[in-house]
Amino acid sequence: MPLALLALAIGAFGIGTTEFVIMGLLPQVAGDFGVSIPTAGLLVTGYALGVVAGAPLMTVLGTKVPRKRMLMLLMGLFIAGNLLSAVAPAFSVMLIGRVVASLAHGAFFGIGSVVAAELVAPHKKAGAIAMMFTGLTVANVIGVPLGTLVGQHVGWRVTFAVVAGLGLVGLAGIARLVPDLPRPEGVHLRHELAAFKNTQVLLAMAMTVLGFGGVFAAITYIAPMMTHTAGFADGSVTWLLVLFGLGMVGGNLVGGRFADRALMPMLYVSLGALAVVLALFTLTAHNKIAAAVTIALIGALGFATVPPLQKRVLDQAHGAPTLASAVNIGAFNLGNALSAWLGGMVIAAGFGYTSPNWVGAALAASALVLAVLSAALERRDGARSAVVASGAPAGQRTPAHH
């Protein structure tokens with residue numbers, strides 16, 4: 001794997017840290033600005049919505065910019081947003097800082113996925129994408145717990161200043177290690193937009209929203225679920241999230257490896273198993289050891305879907321994959337926002353702290369149904385193309401040649 005992937009992974013590490021570290025620092029931020037916890041929660045929602053909006057916006061703005069330069073500009077935007085958060089004199093300014101940082105997120109991973117795939121041989125593309133996403137998964141194991149620890153002991157402003165520093169390291173790495181890849185000739189915005197007329201691209205994005213949404217339905221409410229139902233102490237939640245992060249790292253690498261060999265079977269297995277494990281979490285959440293194992297499994301199975309889903313979008317939007325790739329990153333965050341809202345609704349309706357797990361299981365199962373449908377449509381279209389290519393009349397079946 002080329003060294004340029006390390007530079008992309010460092011950028012991804014910084015982005016992953018800033019996205020998730022805020023969840024552990026909400027009480028401190030709320031206290032300093034004199035706002036309620038739900039109001040401080042807007043820093044999470046604002047970021048997620050910024051990713052959804054920023055992914056297509058920044059990619060469209062960057063259609064005329066060489067990809068390496070665009071990645072550097074996005075890292076600059078990320079650094080500026082985190083510095084603004086670190087020095088924010090008022091809550092509203094911090095919210096602006098979070099949104100500015102989030103605008104870089106989707107386009108960075110979208111363009112980064114395309115660049116990563118171009119740096120390696122065709123049979124290693126999903127592995128290269130997984131390598132970049134390793135930065136995001138490792139952020140949940142190292143960056144988020146350390147950032148939370150620093151924020152709680154030295155102050156949350158220091159955490160965001162350190163994250164801005166990580167962005168500088170990522171920027172320097174991209175400048176030094178990522179080659180100047182030539183822009184594909186003749187690709188214009190209309191080509192990029194044409195990808196969204198492709199049913200397979202839309203199905204892959206819907207799988208992303210539902211499949212990854214399944215993960216976040218459960219994980220968003222992990223703190224009350226583990227303290228009230230499993231009986232863990234408040235301080236244990238950090239270590240449970242580290243377990244979740246370790247699962248993510250393993251699942252991401254396995255997903256990347258197997259997606260290069262058999263993409264759709266990898267999706268069937270990971271989405272099917274994710275639906276089963278989320279359903280079982282309603283039972284295992286009542287036992288400390290079983291709950292801890294299940295959390296790691298949810299991380300592993302959830303992130304095993306990421307490289308194959310991202311590669312599926314790149315494959316189906318071939319020729320003009322950049323915008324579709326970035327929008328798919330937005331789809332992950334749309335899934336996060338949607339599932340967190342649905343999970344909150346079932347808790348508010350009085351179904352208990354484990355009820356979001358059923359929501360997650362239903363979402364993952366829905367993604368599996370879409371995966372099966374997508375493959376069936378692909379086989380049908382392939383058979384039609386074969387008939388047309390053979391010159392046989394449409395209604396006449398041709399024998400298969402092996």
Side-chain angles (χ1 to χ4, degrees), residues 10-55 57-58 61 71-109 112 135-136 138-140 142-174 216 220 223 238 241 245 329-330 332-333 336-337 340:
I10 292 167
F13 179 83
I15 290 173
T17 302
T18 207
E19 179 178 17
F20 295 112
V21 77
I22 188 67
M23 294 169 191
L25 298 176
L26 280 185
Q28 284 78 13
V29 175
D32 274 9
F33 286 126
V35 298
S36 68
I37 294 281
T39 301
L42 290 172
L43 297 171
V44 179
T45 313
Y47 189 95
L49 293 176
V51 176
V52 175
L57 177 70
M58 300 310 294
L61 289 175
L71 286 171
M72 291 170 67
L73 288 170
L74 290 166
M75 274 327 302
L77 196 61
F78 170 80
I79 293 161
N82 281 289
L83 283 176
L84 188 57
S85 293
V87 300
F91 179 77
S92 56
V93 179
M94 184 173 187
L95 185 56
I96 293 166
R98 291 287 291 164
V99 172
V100 168
S102 74
L103 290 175
H105 182 128
F108 182 86
F109 280 108
L136 180 67
V138 171
N140 283 276
I142 299 170
V144 173
L146 277 179
T148 305
L149 210 63
V150 167
Q152 288 171 346
H153 289 88
V154 191
W156 58 267
R157 292 181 187 276
V158 177
T159 299
F160 284 100
V162 170
V163 170
L166 281 173
L168 278 172
V169 176
L171 176 61
I174 292 164
F216 260 73
T220 301
T238 304
L241 286 172
I329 301 297
F332 283 108
N333 281 269
N336 297 354

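Nothing fancy with the numbering, it's 1 onward along the sequence. What's counted below: heavy atoms across the whole structure, side chains too, no hydrogens, waters or symmetry copies. Note that the structure is a prediction, hence the values are computed from the model and not measured.
The side chain to side chain contact (heavy atoms under 4.5 Å, CB included) search around Ile10 returns Leu6, Val169, not counting sequence neighbours. For Ile79, the side chain to side chain contact (heavy atoms under 4.5 Å, CB included) partners two or more places apart in sequence, or in a different chain, are Leu83, Ala164, Leu168, Leu171.
Pairs passing the side-chain hydrogen bond (donor to acceptor under 3.5 Å, both in side chains) check and including a residue from residues 25-34, sequence neighbours excluded, read Asp32-Trp156.
Across all their heavy atoms, Ala101 and Asn82 have their closest contact at CB-ND2, 4.0 Å. Of all heavy-atom pairs between Gly106 and Ala55, the closest is CA-CB, 3.9 Å. In terms of heavy atoms, Glu19 sits closest to His105 at OE1-CE1, 3.2 Å. Closest of all the heavy-atom pairs between Ala12 and Phe108 is N-CE2, 3.8 Å. Of all heavy-atom pairs spanning Gly50 and Ser102, the tightest one is CA-OG, 3.2 Å. In terms of heavy atoms, Ala30 sits closest to Ala40 at CB-CB, 3.9 Å.
You'll find the side chain of Phe109 stays beyond 4.5 Å of the side chain of Val51, heavy atoms only. With contacts defined as side-chain heavy-atom distances shorter than 4.5 Å, the pair Tyr47/Leu43 does not qualify. No side-chain heavy atom of Asn333 sits under 4.5 Å from any side-chain heavy atom of Phe216. By the 4.5 Å heavy-atom criterion applied to side chains, Leu25 and Thr159 are counted as neighbours.
The structure places CD1 of Ile22 at 11.0 Å from CG of Leu42, a figure rounded to the nearest 0.5 Å. To the nearest 0.5 angstrom, Leu84 atom CG is 9.5 Å from Met94 atom CE. Here the CD1 atom belonging to Ile15 is positioned 8.0 Å from the CG atom belonging to Leu74, to the nearest 0.5 angstrom.
Listed for the Thr238 side chain is no donor-acceptor partner under 3.5 Å among the backbone atoms of Pro145. With hydrogens and angles ignored, the 3.5 Å screen pairs a side-chain donor or acceptor of Ser85 with a backbone N or O of Gly81.
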Could you go step by step and tell me if Leu241 and Val144 meet the side chain to side chain contact (heavy atoms under 4.5 Å, CB included) rule? CA-CA 9 Å; Leu241 286 172; Val144 173; 5.9 Å; no

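Among Leu136, Val163, Val138, Thr18, the one residue that satisfies the side chain to side chain contact (heavy atoms under 4.5 Å, CB included) test with Phe13 is Val138.
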